[in-house]
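Hydrogens, waters and symmetry mates play no part in the numbers below; they use all other heavy atoms, side chains included.
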Amino acid sequence: MDSEFAGLRTVVLARSEFRAPDVIRPDDPILRPLGAQDRRAVLTMQGKEHAEAFPERQRAWETERENFKTVLERHGVEVLRPRLMTEAEKAAAGTAGYGNFFVRDPWFTVGANVIEGNPRFRHRRLEVLPSRPVLRERALPGTAAYVAAPTPELADGDGSDGPGPFIEGGDVLVLGTHVFVGFSGLASDPAGFQWLRQFLEPQGFTVEQVPLRPHVLHLDCALGLIREGLLLVCEERLTAGLPAVLRDLDRIAVSEEEAVALGTNGLPLSSEVYVTDPAFSRIADQLEHRGVHVEYVDFAITRSFGGSFRCSTQPLTRVD
């Protein structure tokens, strides 16, 4: 993948599986990116699957993803799905819980590379496994390099996530040979960034770390690349401001309130078409004014978990 906005041809669309950890403290980092109402919902789920705790909401969540799939296919995009988690995987996750709901983070693509990363939160450590059948079928037989970041060291039982390395796809944005990697302390860490830089820079990429405020989960919760020369940004979430190579581009400002609700986390299907939630009609109106056609899908439940359209997808093929 050479950019966030080249024409999308093949994409993997996430499932809707989540089992909360057995114990979630009110100050747990997994709650930090969420709004107050969504924090309360997750706390209610401790030790339970979402489908068990909220069956009607689960059906609505799955419907959101199916509605999104319909829009993708209408635009000629091939949609692949991870499998559901196996009973063995659920058992292996244990009291940490498990997630299979934001395919962007456990693996990602940069140029001709398919890269398995390492999620920081323990309930997401096995999230790459449901995508493995897709990767075996599509990545291994192709010409792309298929690599994995080093396995994180185990935490020592003190309640920490362990020393990493951690690198998550929600922190990785691609603009040609320039790769931006977010860092807030909630997801990717310096060791993950260093590993990715050492892997990509010999291929001609520039890999730049973008500091984020500590409540921001990923870079794509603060910044969205829409097309050549145009971006969405919540600048108050970037502690050092926009990277220098982006500062002269046309930008649509996103407020902190909109960013919390995932206003930067739509999905370009091309440089002319963008998918977002109707909650962000103000942003969409500005995109339309600049010649970008906007497709709307209600993604309220998906967004309540801290991710939206970009988080729910992982492009395998984009072409100019």
Quiz item: With a 4.0 Å cut-off, would you call E66 and R81 a salt bridge?
Solution: yes
Exercise. Check which hydrophobic residues are tied to V260 through side-chain heavy-atom contacts below 4.5 Å, counting indirect links as well, and list them.
Key: none
Self-check item: Test: E168 and R104 ion pair at under 4.0 Å
Solution: no
Quiz prompt | Pairs meeting criterion side-chain hydrogen bond (donor to acceptor under 3.5 Å, both in side chains) with involvement of residues 26-36, two or more places apart | solution = R25-D27
Practice problem: Kindly work out whether a path of hydrophobic side-chain contacts (I/L/V/M/F/W/Y, heavy atoms less than 4.5 Å apart) joins F183 to F199. | Solution: no
Quiz item: Using 4.0 Å as the upper bound for N to carboxylate O, is an ion pair formed by R318 and D2?
Solution: no
Quiz prompt | Residues that R213 engages under salt bridge (Lys or Arg N to Asp or Glu O under 4.0 Å), provided they are two or more places apart | solution = none
Practice problem: Could you tell me which non-hydrogen atom of F205 sits nearest to which non-hydrogen atom of G176, and how far apart they are? | Solution: CE2-O, 3.7 Å
Quiz prompt | Pair V12-T313, side-chain contact (heavy atoms from CB on, under 4.5 Å): steps then yes or no | solution = CA-CA 5 Å; V12 182; T313 53; over 6 Å; no
Self-check item: Nearest-0.5 Å distance that lies between atom CG in L230 and atom OH in Y274
Solution: 10.0 Å
Quiz prompt | Lys/Arg-Asp/Glu bridge criterion (N-O < 4.0 Å) met for E62, R65 | solution = no
Practice problem: Decide yes or no for D105 and E127: does some side-chain heavy atom of the first lie under 4.5 Å from some side-chain heavy atom of the second? | Solution: no
Quiz item: Would V207 and V174 show up in the same hydrophobic cluster when neighbours are defined by side-chain heavy atoms closer than 4.5 Å?
Solution: yes
Quiz item: Could you go step by step and tell me if L217 and F121 meet the side-chain contact (heavy atoms from CB on, under 4.5 Å) rule?
Solution: CA-CA 11 Å; L217 181 58; F121 294 152; 4.0 Å; yes
Practice problem: Decide yes or no for F193 and S188: does some side-chain heavy atom of the first lie under 4.5 Å from some side-chain heavy atom of the second? | Solution: no
Quiz prompt | Contacts of type side chain to side chain contact (heavy atoms under 4.5 Å, CB included), residue D38, not counting sequence neighbours | solution = L34, S304
Quiz item: Using a distance-only test with no angle check, is there a side-chain donor-acceptor pair under 3.5 angstrom linking N113 and Q203?
Solution: yes
Self-check item: Residue pairs passing the side-chain hydrogen bond (donor to acceptor under 3.5 Å, both in side chains) test where at least one lies in residues 143-153, sequence neighbours excluded
Solution: E116-Y146
Quiz item: Minimum heavy-atom separation for N100 to P82, with atom names?
Solution: OD1-CB, 4.4 Å
Self-check item: Distance (rounded to the nearest 0.5 Å) between S281 OG and Q286 CD
Solution: 11.0 Å
Self-check item: Exercise: identify the closest heavy-atom pair between P211 and T239
Solution: CB-OG1, 3.0 Å
Exercise. Indicate, with yes or no, if F108 and V128 share a hydrophobic cluster defined by side-chain heavy-atom contacts under 4.5 Å among Ile, Leu, Val, Met, Phe, Trp and Tyr.
Key: no
Self-check item: Heavy-atom closest pair, residues T276 and A284
Solution: CG2-CB, 4.4 Å
Quiz item: Is it true that R227 and E272 make a salt bridge, defined as a side-chain N closer than 4.0 Å to a carboxylate O?
Solution: no
Quiz item: Are V42 and L186 connected in the hydrophobic side-chain network, where two residues link if heavy atoms are under 4.5 Å apart?
Solution: yes
Practice problem: Please identify each residue that fulfils salt bridge (Lys or Arg N to Asp or Glu O under 4.0 Å) with E73, with sequence neighbours left out. | Solution: K69
Exercise. Check the pair V179 / L200 against side-chain contact (heavy atoms from CB on, under 4.5 Å), numbers first and verdict last.
Key: CA-CA 9 Å; V179 179; L200 290 176; 4.3 Å; yes
Quiz item: Who are the side chain to side chain contact (heavy atoms under 4.5 Å, CB included) partners of R19, not counting sequence neighbours?
Solution: D22, E49, Y98
Exercise. Return the set of residues passing side chain to side chain contact (heavy atoms under 4.5 Å, CB included) with R136 (not counting sequence neighbours), or none when no residue passes.
Key: R132, P133, L140
Practice problem: May I ask you to list the residues sharing a hydrophobic cluster with M45, side-chain cutoff 4.5 Å, ordered by chain and number? | Solution: F18, F54, W61, F101, F102, I301, F305
Exercise. Establish whether V110 and W107 are linked, either directly or via other cluster members, by ILVMFWY side-chain heavy-atom contacts under 4.5 Å.
Key: no
Exercise. Working to the nearest 0.5 Å, report the span between SG of C234 and CZ of R251.
Key: 12.5 Å
Quiz item: Salt bridge between E89 and R83, side-chain N to carboxylate O under 4.0 Å?
Solution: yes
Quiz prompt | Validation row: T95, V23 side chains within 4.5 angstrom (heavy atoms) | solution = no
Quiz item: Would S312 and V103 count as a side-chain contact (heavy atoms from CB on, under 4.5 Å) if you check the C-alpha gap in whole Å, the side-chain angles of each, and the deciding distance to 0.1 Å?
Solution: CA-CA 6 Å; S312 300; V103 71; 6.0 Å; no
Self-check item: Close side-chain approach of P150 to P165, heavy-atom, < 4.5 Å
Solution: yes
Practice problem: Could you go through the side-chain hydrogen bond (donor to acceptor under 3.5 Å, both in side chains) check for H50 and E17 one step at a time? | Solution: CA-CA 7 Å; H50 182 265; E17 284 189 299; over 6 Å; no
Quiz item: Given a cutoff of under 4.5 Å between side-chain heavy atoms of I, L, V, M, F, W and Y, with clusters grown through shared members, what are the other residues clustered with V245?
Solution: F5, L173, L175, F180, V210, L212, V216, L219, L223, L225, L231, V233, L238, L242, L246, L249
Quiz item: Do C221 and L262 come within less than 4.5 Å of each other through their side chains, counting heavy atoms only?
Solution: yes
Quiz prompt | For V71, the rest of its hydrophobic cluster, which grows through side-chain links under 4.5 angstrom | solution = L8, V11, L13, F68, L72, V77, V79, L267, L269, V273, V275, V297, F299, F309
Quiz item: Closest heavy-atom contact between C311 and N265?
Solution: N-OD1, 3.2 Å
Quiz item: Just by distance, do the side chain of D220 and the backbone of T264 share a donor-acceptor pair under 3.5 Å?
Solution: no
Quiz item: Does a side-chain heavy-atom distance below 4.5 Å link T109 with T317?
Solution: no
Quiz item: Do you know the tightest heavy-atom contact between A300 and D277?
Solution: N-OD2, 3.6 Å
Practice problem: Please indicate whether K48 has more than 12 foreign heavy atoms, meaning atoms of other residues, nucleotides or ligands, lying under 6.0 Å from its NZ. | Solution: no
Self-check item: Side chains of Q194 and R197, donor plus acceptor under 3.5 Å
Solution: yes
Quiz item: Does some side-chain heavy atom of E64 sit less than 4.5 Å from a side-chain heavy atom of D298?
Solution: yes
Quiz item: Which pairs count as side-chain hydrogen bond (donor to acceptor under 3.5 Å, both in side chains) when at least one residue sits in residues 5-15, sequence neighbours excluded?
Solution: T10-E78
